Number of protein chains: 2
Amino acid sequence: MSLRHALLGLLAEEPASGYDLTRRFEELLGRVWPAKHPQIYQELGRLAGAGLIAVDSEGPRRRKVYRVTPEGLAEVRRWLADDDVDHTVRLEPLLRSFFLWLLPPEQARAHLLAEAAFFEEQARVLRAAAAAKDYDATPALQSVRVAIESGLRLYGALGGWAAWAATVPPAAKPVRDM
Amino acid sequence: MSLRHALLGLLAEEPASGYDLTRRFEELLGRVWPAKHPQIYQELGRLAGAGLIAVDSEGPRRRKVYRVTPEGLAEVRRWLADDDVDHTVRLEPLLRSFFLWLLPPEQARAHLLAEAAFFEEQARVLRAAAAAKDYDATPALQSVRVAIESGLRLYGALGGWAAWAATVPPAAKPVRDM
DNA sequence: GAGCGCATGTAAAGGGTTACATGATTCT
DNA sequence: AGAATCATGTAACCCTTTACATGCGCTC
């Protein structure tokens with residue numbers, strides 16, 4: 001049920017088409033909530049059916065620009081204030097880490113170093129994004145800045161963890177070769 | 001495709017039934033990769049069909065204990081060594097943070113403080129788990145320790161972030177009431 | 001007019017949750 | 001005898017991805 005609310009949230013900032021929203025997911029929300037165009041178009045249809053959004057204007061190439069309705073705005077706010085949040089951190093690299101003892105130590109170490117490099121690179125990208133513009137111009141931009149900060153800290157923590165994990169010496173009992 | 005490999009990884013440690021695996025997901029892997037029993041039983045069926053696991057023994061109440069086959073073990077290792085990792089951090093609280101500007105500042109602040117409390121509590125739980133036993137006894141346990149460390153650092157970072165975010169003053173332009 | 005990017009959609013398949021259902025064993 | 005827990009499974013539904021498909025508008 002998060003996609004629906006994310007769409008409402010994006011439309012609360014400004015009216016947009018399915019195509020616009022798809023790109024915003026790619027560049028802005030994709031790290032924490034990926035969504036491809038078929039799902040977005042489908043969900044826009046449902047939201048329009050439910051009266052939470054409405055067609056604002058139609059442009060060339062069948063382009064339909066949606067805006068959020070007062071009911072839609074109320075619904076995002078309800079969602080945001082709601083306190084039954086799903087705190088699951090679905091993260092494949094961490095799942096893998098539970099099973100790294102199955103690899104020969106060197107291979108596990110190489111894997112962790114590659115992960116560390118990846119996370120540090122992501123942190124660098126976000127640091128650059130944070131410095132790139134003035135996020136105090138609008139409330140929406142300020143929220144983006146706060147969200148970027150979370151990514152920055154998260155990737156920093158993950159990078160540090162992976163680098164540390166790569167240094168942990170293999171346990172006494174070696175993995176038996178298959 | 002991660003569930004299948006997680007099951008193989010768990011069975012690589014020791015043979016187990018669907019019921020056992022369901023509980024291990026709940027207590028061990030649930031934070032990063034939730035899985036309910038219907039999915040687990042279904043996937044066990046597929047894995048058995050593919051010859052990656054086999055029935056080790058049958059017990060009372062139709063209990064079937066599976067063990068990983070050499071092919072299955074090779075498959076987890078292939079997965080672990082494979083470097084096309086999905087780095088998506090699917091995390092609802094971060095998605096929400098992009099839209100917090102839609103709430104009145106006090107409400108947003110209260111929400112962030114509740115999140116901070118939650119993450120700090122989780123970090124505390126994991127700190128206790130890390131101190132609870134000797135993780136050097138087996139390679140598998142050592143990997144669990146490393147995985148716990150990632151959670152510790154992650155929740156620490158998220159807790160710090162949420163506490164900081166709660167202190168960010170609202171932007172100049174106030175949110176227009178609907 | 002050829003090619004590219006814009007823009008929208010449908011269909012099929014896979015992954016995951018919820019609800020329903022059943023029966024065996026153990027404990028009180 | 002009744003309740004709780006063990007243990008497995010099916011069916012329906014929702015969420016998400018991948019593949020397929022189409023046509024418009026702009027630029028060279």
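All heavy atoms count here, side chains included; hydrogens, waters and symmetry mates do not. Throughout, protein chains are lettered first and strands after them, A, B, ... in sequence-line order, and every chain is numbered starting at 1. The shown structure was predicted, so the numbers you read here are calculated from the model rather than taken from an experiment.
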Inset, instruction - Would you mind telling me which of D:dA7, C:dG16, C:dG15 lies closest to the side-chain atoms of B:M1? - result: C:dG15

Inset, instruction - Establish, with yes or no, whether the OP1 or OP2 oxygen of D:dT8 is under 4.0 angstrom from a side-chain nitrogen or oxygen of B:Y41. - result: yes

Inset, instruction - With the side chain counted from C-beta on, respond yes when A:F99 and B:L10 share a heavy-atom pair under 4.5 Å apart, and no when they do not. - result: yes

Legend entry - Spacing between A:E92 atom CD and D:dT17 atom P, to the nearest angstrom: 13 Å

Legend entry - Residue mapping more 5' on DNA chain C - nearest nucleotide basis, A:R61 or A:H37: A:R61

Inset, instruction - Take atom CZ of B:R23 and atom P of D:dT5, then tell me their distance rounded to the nearest Å. - result: 13 Å

Inset, instruction - Please state how far atom CD in A:E26 lies from atom P in C:dC6, giving the value in whole angstrom units. - result: 11 Å

Inset, instruction - Would you please say whether a donor-acceptor pair under 3.5 Å links the side chains of B:R77 and A:Q107? - result: no

Inset, instruction - Take B:Y66 and B:R90, find for each the nucleotide of DNA chain D with the closest heavy atom, and name the residue whose nucleotide sits nearer the 5' end. - result: B:Y66

Legend entry - Lys/Arg N to Asp/Glu carboxylate O, A:R109 vs A:E106, below 4.0 Å: no

Inset, instruction - Output yes when A:R4 and A:E43 qualify as a salt bridge under the 4.0 Å nitrogen-oxygen rule, no when they do not. - result: yes

Inset, instruction - Go through D:dT8, C:dT17, C:dG9 for me and flag the one nearest to the B:Y19 side chain. - result: D:dT8

Legend entry - Pair A:R24 + A:D20: basic N to acidic O under 4.0 Å: no

Inset, instruction - With the side chain of A:R63 defined as its heavy atoms from C-beta on, choose the nearest nucleotide among C:dT8, D:dT17, C:dT17. - result: C:dT8

Inset, instruction - Compare the minimum distances between each of D:dA19, D:dC15, C:dT17 and the side chain of A:P38, then state the nucleotide with the smallest one. - result: D:dA19

Legend entry - Residue met sooner reading DNA chain D from 5', once A:Q42 and B:G18 are mapped to nucleotides: B:G18

Inset, instruction - Verify whether one side chain among B:H87 and A:E115 offers a donor that lies under 3.5 Å from an acceptor in the other. - result: yes

Legend entry - Nucleotide C:dG9, atom P - distance to CG of A:L21 in whole Å: 12 Å

Inset, instruction - Round to a whole Å and report the spacing from CZ of A:F25 to C1' of C:dA7. - result: 18 Å

Inset, instruction - In whole angstrom, give the distance that lies between atom CD1 of B:I40 and atom C1' of D:dA7. - result: 13 Å

Legend entry - Contact under 4.0 Å: A:Q39 side-chain N or O vs D:dC15 OP1/OP2: no

Inset, instruction - Classify the nucleic acid contact of B:R62 as base, sugar-phosphate or nothing, counting any heavy atom under 4.0 Å across all strands shown. - result: base

Legend entry - Closest nucleotide among D:dT18, C:dC6, D:dT8 to the A:K36 side chain: D:dT18

Inset, instruction - Give B:T22 one of three labels, base, sugar-phosphate or nothing, depending on what nucleic acid heavy atoms sit under 4.0 Å from its own. - result: nothing

Inset, instruction - Would you kindly give the CG-to-C1' distance between B:L44 and D:dT10, to the nearest whole Å? - result: 16 Å

Inset, instruction - Assign B:R4 to base, sugar-phosphate, or nothing according to its heavy-atom contacts below 4.0 angstrom with the strands shown. - result: nothing

Inset, instruction - Find the distance B:L95:CG to D:dT16:C1' and express it as a whole number of Å. - result: 15 Å

